[in-house]
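Some notes on the structure that comes next.
Below, chain A is the first sequence line, B the second, and so on; all start at residue 1.
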Number of protein chains: 2
Amino acid sequence: MRVLVVEDERGMAEALRRGLAAEGFVVEVARDGPSGLDAARFGGFDAVLLDVMLPGMSGYTVVRTLRAEGVWVPVLMVSAKDGEYDEADGLDYGADDYLTKPFSFVVLLARLRALLRRDPAPRPAVLQAGGIRLDPATREVTVDGGRADLAPREFLVLQHLLAAAPAVVAKETLLSQVWGDASDDPNVVEVYVGYLRRKLGRERIETVRGAGYRIGP
Amino acid sequence: MRVLVVEDERGMAEALRRGLAAEGFVVEVARDGPSGLDAARFGGFDAVLLDVMLPGMSGYTVVRTLRAEGVWVPVLMVSAKDGEYDEADGLDYGADDYLTKPFSFVVLLARLRALLRRDPAPRPAVLQAGGIRLDPATREVTVDGGRADLAPREFLVLQHLLAAAPAVVAKETLLSQVWGDASDDPNVVEVYVGYLRRKLGRERIETVRGAGYRIGP
DNA sequence: ACCGGCGCTGAGAGTCCCCTGAGAGCGCCT
DNA sequence: AGGCGCTCTCAGGGGACTCTCAGCGCCGGT
């Protein structure tokens with residue numbers, strides 16, 4: 001297993017290198033944001049340990065850039081910032097886990113193992129299809145760049161349609177996932193698709209008669 | 001998104017139920033280990049929030065049992081134990097993340113989203129035979145690359161013919177699988193095969209007199 | 001070549017699927 | 001209290017889809 005450690009502080013980087021090597025990992029170290037980003041892009045690592053405070057480019061920017069480029073290597077962020085919003089931001093930018101300094105090395109190892117045993121096929125944090133963009137973290141929806149203002153229920157329906165795109169989503173699926181009961185009256189789904197069409201544009205949601213709905217062309 | 005909360009303490013369970021529901025999750029609650037295990041097994045949830053201290057069976061045992069049975073639903077453990085070894089144990093038993101009480105709800109949400117991001121829904125296989133391609137997920141049918149527009153019943157008939165290809169499918173089989181009643185008038189099958197031939201090309205569905213139909217050569 | 005029966009097809013009626021406008025109930029904010 | 005936004009139900013209408021029916025063609029056996 002190859003692990004990339006991005007950490008500028010010499011002592012910490014060295015400690016991690018030794019500790020992980022002793023556990024059988026092959027470790028490489030990068031000392032600033034840009035070189036860490038580059039190594040993560042092309043280095044073929046199985047996981048990345050990423051400090052937040054880095055020279056040149058913050059860890060947040062590194063992980064966001066990676067995800068935007070379609071690089072899905074598991075990322076474990078490590079930071080001295082322990083504010084709850086720092087942590088939530090790191091995760092929403094696409095990190096898979098977040099540890100606060102000081103941390104226990106035992107816990108670090110366990111979290112690394114947990115990341116490595118998951119299938120490395122995460123989806124982007126932001127859903128995007130057919131000219132529609134939806135951010136689950138900020139609850140923001142844009143259509144061809146313009147902001148759309150959605151009610152909570154409308155947001156949920158759209159979220160499921162986007163997550164499934166380009167597949168067709170059955171009304172029963174939406175009922176069970178959004179309303180929690182597949183045996184409800186399907187008409188409520190039709191009504192909400194109607195609301196969404198009014199706000200996003202009629203052609204953005206396609207009806208597949210007898211099957212369900214689908215995003216865009 | 002459907003989330004299972006396994007938590008015996010009434011106040012905490014209720015707080016989680018409300019908070020998650022407000023974020024648009026469909027929430028179910030189990031109050032002890034065994035019933036939580038059962039719900040996680042068969043409930044079809046997208047994620048599980050699992051307390052460690054539970055009546056009947058500990059959270060550790062629950063997650064270990066699930067993994068041993070091949071159930072890979074994302075599990076976020078929540079515990080009042082903050083010992084580093086407790087956390088490492090939880091993760092090594094198969095939990096995907098571990099939070100220590102008291103925790104910030106904002107962080108819980110971000111971690112939940114990070115987990116849900118990780119496993120894309122499995123897509124049913126694409127059926128292909130005799131120059132015809134049928135994708136059950138997108139409901140798309142192409143003939144030699146050109147798109148064909150099928151009604152729901154037509155789609156179902158074609159799906160069964162393709163799934164069986166190159167075998168011959170009896171009219172009675174189609175009646176029972178598509179119409180749900182083998183004793184119906186077989187003429188309706190002939191009519192629908194006629195519709196399909198008109199849309200896909202006459203020679204694409206072959207008649208085997210006295211036996212049924214088969215997809216092209 | 002003839003005949004019986006299996007399969008094919010055009011037309012039409014009925015069904016049901018989906019869309020929409022109106023409005024009631026509810027909670028929240030002013 | 002009043003207004004507002006959100007959710008959901010209801011009923012009507014339009015149109016796609018389904019199915020039946022009846023007549024005809026064609027295959028295979030004698």
Side-chain angles (χ1 to χ4, degrees), chain A residues 139 141 147-161 168-215, chain B residues 17-19 21-26 139 141 147-161 168-216:
Chain A
R139 315 215 132 229
V141 177
R147 223 173 161 305
D149 192 32
L150 301 188
R153 268 269 133 86
E154 297 164 2
F155 182 89
L156 278 178
V157 173
L158 181 61
Q159 185 177 12
H160 278 92
L161 289 174
V168 172
V169 183
K171 275 191 275 230
E172 291 70 31
T173 307
L174 287 169
L175 277 176
S176 84
Q177 296 280 313
V178 176
W179 279 266
D181 183 358
S183 61
D184 274 354
D185 184 352
N187 179 240
V188 73
V189 179
E190 297 158 10
V191 172
Y192 271 85
V193 168
Y195 294 158
L196 282 173
R197 289 214 248 244
R198 215 173 289 173
K199 293 185 175 181
L200 306 175
R202 195 124 315 250
E203 73 292 352
R204 286 260 150 55
I205 302 178
E206 194 180 331
T207 300
V208 182
R209 199 158 229 274
Y213 299 95
R214 158 176 43 207
I215 290 295
Chain B
R17 210 190 51 66
R18 282 166 187 266
E23 286 294 318
F25 293 99
V26 176
R139 257 189 127 73
V141 177
R147 235 178 150 298
D149 193 31
L150 301 188
R153 267 268 131 84
E154 298 164 2
F155 187 89
L156 275 178
V157 173
L158 180 60
Q159 189 172 13
H160 280 95
L161 288 174
V168 174
V169 183
K171 275 190 273 222
E172 290 70 31
T173 308
L174 286 170
L175 275 176
S176 80
Q177 303 216 333
V178 176
W179 279 266
D181 184 356
S183 61
D184 274 354
D185 183 352
N187 177 240
V188 74
V189 178
E190 298 159 8
V191 172
Y192 271 85
V193 169
Y195 293 158
L196 282 173
R197 289 215 248 244
R198 213 174 292 172
K199 293 185 175 181
L200 306 174
R202 197 124 315 252
E203 74 293 353
R204 286 261 149 55
I205 302 177
E206 195 179 331
T207 300
V208 182
R209 211 178 165 76
Y213 299 95
R214 158 173 51 198
I215 290 295

| query | When we call it a touch if two heavy atoms are under 4.0 Å apart, what does B:Pro152 touch: a base, just sugar-phosphate, or nothing? | reply | sugar-phosphate

Output a table of nitrogen or oxygen pairs between the protein and nucleotides 17-22 of chain C separated by less than 3.5 Å.
unit_1, atom_1, unit_2, atom_2, d
C:dC17, O2, A:Arg209, NH2, 2.7
C:dC18, OP1, A:Gly210, N, 2.8
C:dC18, OP2, A:Lys171, NZ, 2.6
C:dC18, O5', A:Lys171, NZ, 3.3
C:dC19, OP1, A:Arg197, NH2, 2.3
C:dC19, OP1, A:Thr207, OG1, 2.5
C:dC19, OP2, A:Tyr213, OH, 2.6
C:dT20, OP1, A:Arg202, NH1, 2.7
C:dT20, O4, A:Asn187, ND2, 3.3
C:dG21, OP2, A:Arg198, NH2, 3.4

| Partners meeting side-chain hydrogen bond (donor to acceptor under 3.5 Å, both in side chains) with B:Arg153 (sequence neighbours left out) | none

Under 3.5 Å between N/O atoms: give me all the protein pairs with nucleotides 27-30 of chain C, atom names plus distance.
none

| query | Looking only at side-chain N and O atoms, does A:Trp179 come under 4.0 Å of OP1 or OP2 in D:dC8? | reply |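 Yes, within the criterion.
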
Return the value, rounded to whole Å, for the distance between atom [atom1] of [X] and atom [atom2] of [N].
{"X": "B:Ile205", "N": "C:dC8", "atom1": "CD1", "atom2": "C1'", "value": "13 Å"}
{"X": "B:Asp185", "N": "C:dC8", "atom1": "CG", "atom2": "P", "value": "13 Å"}
{"X": "B:Arg153", "N": "D:dC19", "atom1": "CZ", "atom2": "P", "value": "4 Å"}
{"X": "A:Lys199", "N": "D:dG5", "atom1": "NZ", "atom2": "P", "value": "10 Å"}
{"X": "A:Asp149", "N": "D:dC6", "atom1": "CG", "atom2": "P", "value": "7 Å"}
{"X": "A:Leu175", "N": "D:dT7", "atom1": "CG", "atom2": "P", "value": "15 Å"}
{"X": "B:Arg214", "N": "C:dG7", "atom1": "CZ", "atom2": "P", "value": "14 Å"}

| field | Residue list, side chain to side chain contact (heavy atoms under 4.5 Å, CB included) with B:His160, at least two apart or on another chain | value |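 Testing B:His160 for side chain to side chain contact (heavy atoms under 4.5 Å, CB included), a comparison that skips the adjacent residues, returns B:Leu174, B:Gln177, B:Val178.
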
| Listed by chain and number, what are the side chain to side chain contact (heavy atoms under 4.5 Å, CB included) partners of B:Arg139, not counting sequence neighbours? |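 With neighbours one apart ignored, the set is A:Val168, A:Val208, A:Ala211, B:Pro152, B:Phe155.
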
| request: Work out how much the helix from C:dA1-D:dT30 to C:dT30-D:dA1 bends between its end axes, five pairs an end, to the nearest 10 degrees. | output: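 For the helix from C:dA1-D:dT30 to C:dT30-D:dA1, the axes at either end differ by 30°.
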
| task | To the nearest 0.5 Å, tell me how far B:Tyr213 OH sits from B:Tyr192 OH. | result | 14.0 Å

| task | Please answer whether the main-chain N or O of B:Ile205 pairs with a side-chain N or O of B:Arg197 as donor and acceptor at a distance below 3.5 Å. | result |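 Looks like yes, one N/O pair under 3.5 Å.
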
| query | Just wondering, do A:Leu200 and A:Leu158 contact through their side chains at under 4.5 Å, heavy atoms? | reply | yes

| task | Taking the side chain as every heavy atom from C-beta outward, state whether B:Leu175 and B:Val188 have any pair of such atoms under 4.5 Å apart. | result |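 Of all side-chain heavy-atom pairs linking B:Val188 with B:Leu175, at least one is under 4.5 Å.
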
